[in-house]
Amino acid sequence: MAQAPIIVKKFGGTSVGSIERIEAVASRVAHAVQKGQAPVLAVSAMSGETNRLISLAYQVDPSYRGPAYDMLVASGEQVSIALLAMALEKRGISARPLLAYQLGIQTDSIFSKARIQSVNGAFLVDLCRQGVVPIVAGFQGIDEEFQITTLGRGGSDTTAVALAAAICEETREKCVCEIFTDVTHVYSADPRLVKTAKKIKKLSFEEMMEMAALGSKILHVRCVELAAKYQVPIQVRSSFIEEEGTWIGEEESGMENPVVSAVTHEANTAIFKLFPVPFGPGFLAELFAGLADKGVVVDIITQSQNEEGQRLAFSISNEDIPLAEKYIQQTLSEKVELVKLSNMAKISVVGVGMRNHPGVASRFFKCLDRLDVPVHIVTTSEIKISAVFDGAHLEKSVNAIHKEFGLDQ
Ligand code: ASP
Ligand code: MG
């Protein structure tokens, strides 16, 4: 008899947010076992729990980063995997809850932002072959010195993909990763903003990576990067409804890709414009190193030069305005004029089809022009175009661009 296919199933915080929900997940997993699957589970903390733990740490010392912090915030997952294991055992299914050190999820020692280096896939496959369901704590790892590390907020998605990659390496067969969440699909735009947003059936890794980086909150960027690297197919699907979700996988060659697959947006953006700044890249190198050092994440950077001097504009998130402003005022001469634009929004179109269809940029900007939306900064790659403008124009612009590329059809 063929061996049961091993499938990694990741359940996020809302999917295990209460005892009722944990029972529902257990029933669903039991059903999968009865259908002949060998599930490996990756589970987040119950919803709200990680936030609660972070706020406890904050009350003691808001600036603390290090092993004690990671130990604290990783503890939510220990509760959810144990409860889920009990709920499965109650249904007659053998289950083994596993913390990172018990399984062997090795990471580097960058606390709060650790990266997974290896996972003991053989152990997981062994348990599956014995008919045991491994239930792995998401978000956490263990470093060389046996200290608990965490992978960054939303990191359980990354755990799930890393498990699938390790299993695949062990069995030499593809291992699918299902991410159960509170939406049924990835949509062509945020359905809260665009009523005509459509369910997407299939996306390439590259498209999903761009979307994650550009403001789609569904998957962690790092998780998609890892899936692309190890060719782990992901299905994003609902934890509440039995329905096939969105598949994320390798780009299919020869397929007639739509020109644009989705419109994403990120409100909460700010732009800093500086003029005149010293000529040459040395100044830029120093400025951006300094901002990075302060923890300011800079997104788009544009720079232009004429006889009057060098002009610089860059975007950051609204929260980082005070940090960035303070740094700039301390380091730049008073002759440099700083213009701050807060409450901007970034809108992007993403699609691998752009590679073969010229004219996407022109349609995108014509659309914004018809709506009289002044654009401050722009950036493009082979498969995306982004523009930043005043957030007041966001809703009408997202809707118009969604329609322009036929995504409402
Ligand atoms: N519990 C962690 C968080 O809330 C990890 C996760 O849910 O993916 O960020
Ligand atoms: Mg998440």
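By convention here, the first residue in the shown sequence is residue 1. When a ligand or atom number is given, it counts from 1 through the structure's own listing order. Quantities reported herein were computed from a predicted structural model and do not represent experimental measurements.
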- Query: Going by an N to O cut-off under 4.0 Å, is there a salt bridge joining Glu89 and Arg96?
  - Reply: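 Looking at Arg96 together with Glu89, the answer is no, because their closest N to O distance does not fall below 4.0 Å.
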- Message: Strictly below 4.0 Å, N to O, side chains only: are Arg311 and Glu337 in salt-bridge contact?
- Response: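 Salt bridge between Arg311 and Glu337, a charged N being under 4.0 Å from a carboxylate O: no.
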- Message: Parallel, tilted or perpendicular: which one describes the rings of Phe180 and Phe11, with boundaries at 30° and 60°?
- Response: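 Ring orientation of Phe180 relative to Phe11: parallel.
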- Task: Indicate yes or no: at least one non-hydrogen side-chain atom of Val350 is less than 4.5 angstrom from one of Ser261.
- Result: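 When only atoms from C-beta onward are counted, Ser261 and Val350 do not touch, as no gap falls below 4.5 Å.
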- Thr264 side chain to Gly215 backbone, donor-acceptor under 3.5 Å: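 The answer is no, because no donor-acceptor pair under 3.5 Å joins these two groups.
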- Proximal atoms of ligand 1 relative to Thr50 (non-hydrogen, under 4.0 Å):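 So the answer, numbered in order with elements, is 1 (N), 2 (C), 3 (C), 4 (O).
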- Item | Nearest protein heavy atom with distance in Å, relative to atom 4 (O) of ligand 1 |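 So the nearest neighbour among protein heavy atoms is Arg153 NH2, 2.9 Å.
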- Please write down residue, atom name and distance for the protein heavy atom closest to atom 7 (O) of ligand 1.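 Result for atom 7 (O) of ligand 1: Ser44 OG, 3.0 Å.
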At a 4.0 Å cut-off, with the gap strictly under it, does some heavy atom of [X] reach an atom of ligand 1?
X: Gly155; answer: yes
X: Gly154; answer: yes
X: Glu77; answer: yes

- Task: Let me see the working for Asp408 and Asn399 under side chain to side chain contact (heavy atoms under 4.5 Å, CB included), right down to the final yes or no.
- Result: CA-CA 9 Å; Asp408 55 342; Asn399 276 282; over 6 Å; no
- Would you indicate which of Cys223, Gly12, Ser156 comes nearest to atom 6 (C) of ligand 1 when only heavy atoms are counted?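 Considering heavy atoms of Cys223, Gly12, Ser156, the nearest to atom 6 (C) of ligand 1 sits in Ser156.
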